[in-house]
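The next block holds one structure in the form of structure tokens; read it before the comments.
Because only heavy atoms are used, hydrogens play no part in the values below, and waters and symmetry mates are left out as well, while side chains stay in.
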Amino acid sequence: MKIEHIAIWVKDLEQSREFYQKYFGAASNEKYHNPVKNFESYFLSFDNGCRIEIMTRPDIRKSENSYQSQQFGIIHLAFSTGSKEKVDELTETLRKDGYTVAGEPRTTGDGYYESVILDSENNIIEIVA
């Protein structure tokens, strides 16, 4: 078994696609559009075979979830950079580009070296080594 893909509802499909392509090396397919359902999506593929589907539709309501006040369900995505130095470097790049660093780089109790940032839709992203 392996996870084939995870889907995320987003408000700004193009901005989300650009974020995952620019910072995490995702490759995108062509946009899918279903005019009957007013639905659009992209599949973003990563070198290890995992994919994220980002989707938008105007009637989707905003999530109540936040980094400070969380709820049950999928809460974050974690991307492995392969080294502590790359975690630090990517965290600083994202900070300089205006993204919120919600958790500074540190070694966690379970042994990860990680930082936590919020993507363009305020989804929680862990950058780990």
Side-chain angles (χ1 to χ4, degrees):
M1 282 296 171
K2 72 173 189 169
I3 294 174
E4 205 292 325
H5 74 272
I6 295 170
I8 305 171
W9 285 115
V10 299
K11 286 188 309 186
D12 189 325
L13 194 62
E14 299 304 326
Q15 184 179 30
S16 292
R17 179 174 72 128
E18 182 180 308
F19 173 83
Y20 289 100
Q21 287 179 306
K22 179 176 181 178
Y23 298 108
F24 298 97
S28 178
N29 70 337
E30 293 295 317
K31 184 191 300 185
Y32 170 74
H33 180 231
N34 181 328
V36 173
K37 293 184 178 182
N38 206 9
F39 173 86
E40 296 177 323
S41 71
Y42 286 109
F43 273 99
L44 306 175
S45 300
F46 299 89
D47 288 341
N48 66 0
C50 186
R51 300 188 306 163
I52 296 173
E53 181 181 15
I54 53 174
M55 312 173 303
T56 195
R57 205 174 69 199
D59 63 326
I60 301 301
R61 65 182 173 83
K62 184 178 179 183
S63 171
E64 301 297 323
N65 201 10
S66 75
Y67 186 67
Q68 294 77 21
S69 173
Q70 298 183 19
Q71 63 190 25
F72 289 109
I74 296 173
I75 192 61
H76 69 260
L77 297 176
F79 290 89
S80 177
T81 63
S83 74
K84 290 181 178 182
E85 294 77 22
K86 288 182 181 178
V87 170
D88 292 342
E89 181 181 305
L90 183 52
T91 302
E92 286 310 309
T93 297
L94 287 157
R95 185 191 321 271
K96 287 177 187 170
D97 288 352
Y99 292 94
T100 299
V101 177
E104 295 295 332
R106 67 186 181 94
T107 301
T108 65
D110 53 3
Y112 282 103
Y113 184 77
E114 72 176 36
S115 68
V116 179
I117 61 102
L118 304 180
D119 75 3
S120 57
E121 300 268 340
N122 287 325
N123 292 304
I124 300 167
I125 307 294
E126 290 183 355
I127 304 169
V128 304

Does the side chain of [X] reach to within under 4.5 Å of the side chain of [Y], using non-hydrogen atoms?
X	Y	value
Asp119	Val10	no
Met55	Ile60	no
Val101	Val116	no
Thr91	Ile127	yes
Glu14	Tyr42	yes

If you round to the nearest 0.5 Å, how far is [atom2] of [Y] from [atom1] of [X]?
X	Y	atom1	atom2	result
Trp9	Ser41	CH2	OG	8.5 Å
Glu4	Lys2	CD	NZ	6.5 Å
Thr56	His33	OG1	NE2	10.0 Å
His5	Ile52	NE2	CD1	10.5 Å

What heavy-atom pair brings [X] and [Y] nearest, and what distance separates the two atoms?
X	Y	result
Asn38	Arg57	O-CG, 3.0 Å
Phe46	Arg51	CD1-CA, 4.4 Å
Leu90	Thr81	CD2-CG2, 4.4 Å
Leu44	Ala26	CB-CB, 3.9 Å
Ser120	Phe19	OG-CB, 4.2 Å
Glu114	Val128	CB-CG1, 3.7 Å

Query - Ring centre gap for Phe79 and Tyr23 strictly below 6.0 Å - result: no

Cluster overlap [X] with [Y], hydrophobic side-chain contacts below 4.5 Å:
X	Y	value
Ile8	Leu13	yes
Ile54	Ile3	yes
Ile75	Tyr99	no
Ile117	Ile124	no
Tyr112	Leu94	no

Do other residues, nucleotides or ligands put more than 12 heavy atoms under 6.0 Å from the [atom1] atom of [X]?
X	atom1	value
Asp59	CG	yes
Phe43	CZ	yes
Glu30	CD	no

**Report entry** Pairs involving residues 67-96, ordered by first then second residue, that meet salt bridge (charged side-chain N to carboxylate O under 4.0 Å, His left out) (sequence neighbours left out)
**Finding:** Glu92-Arg95, Arg95-Glu104

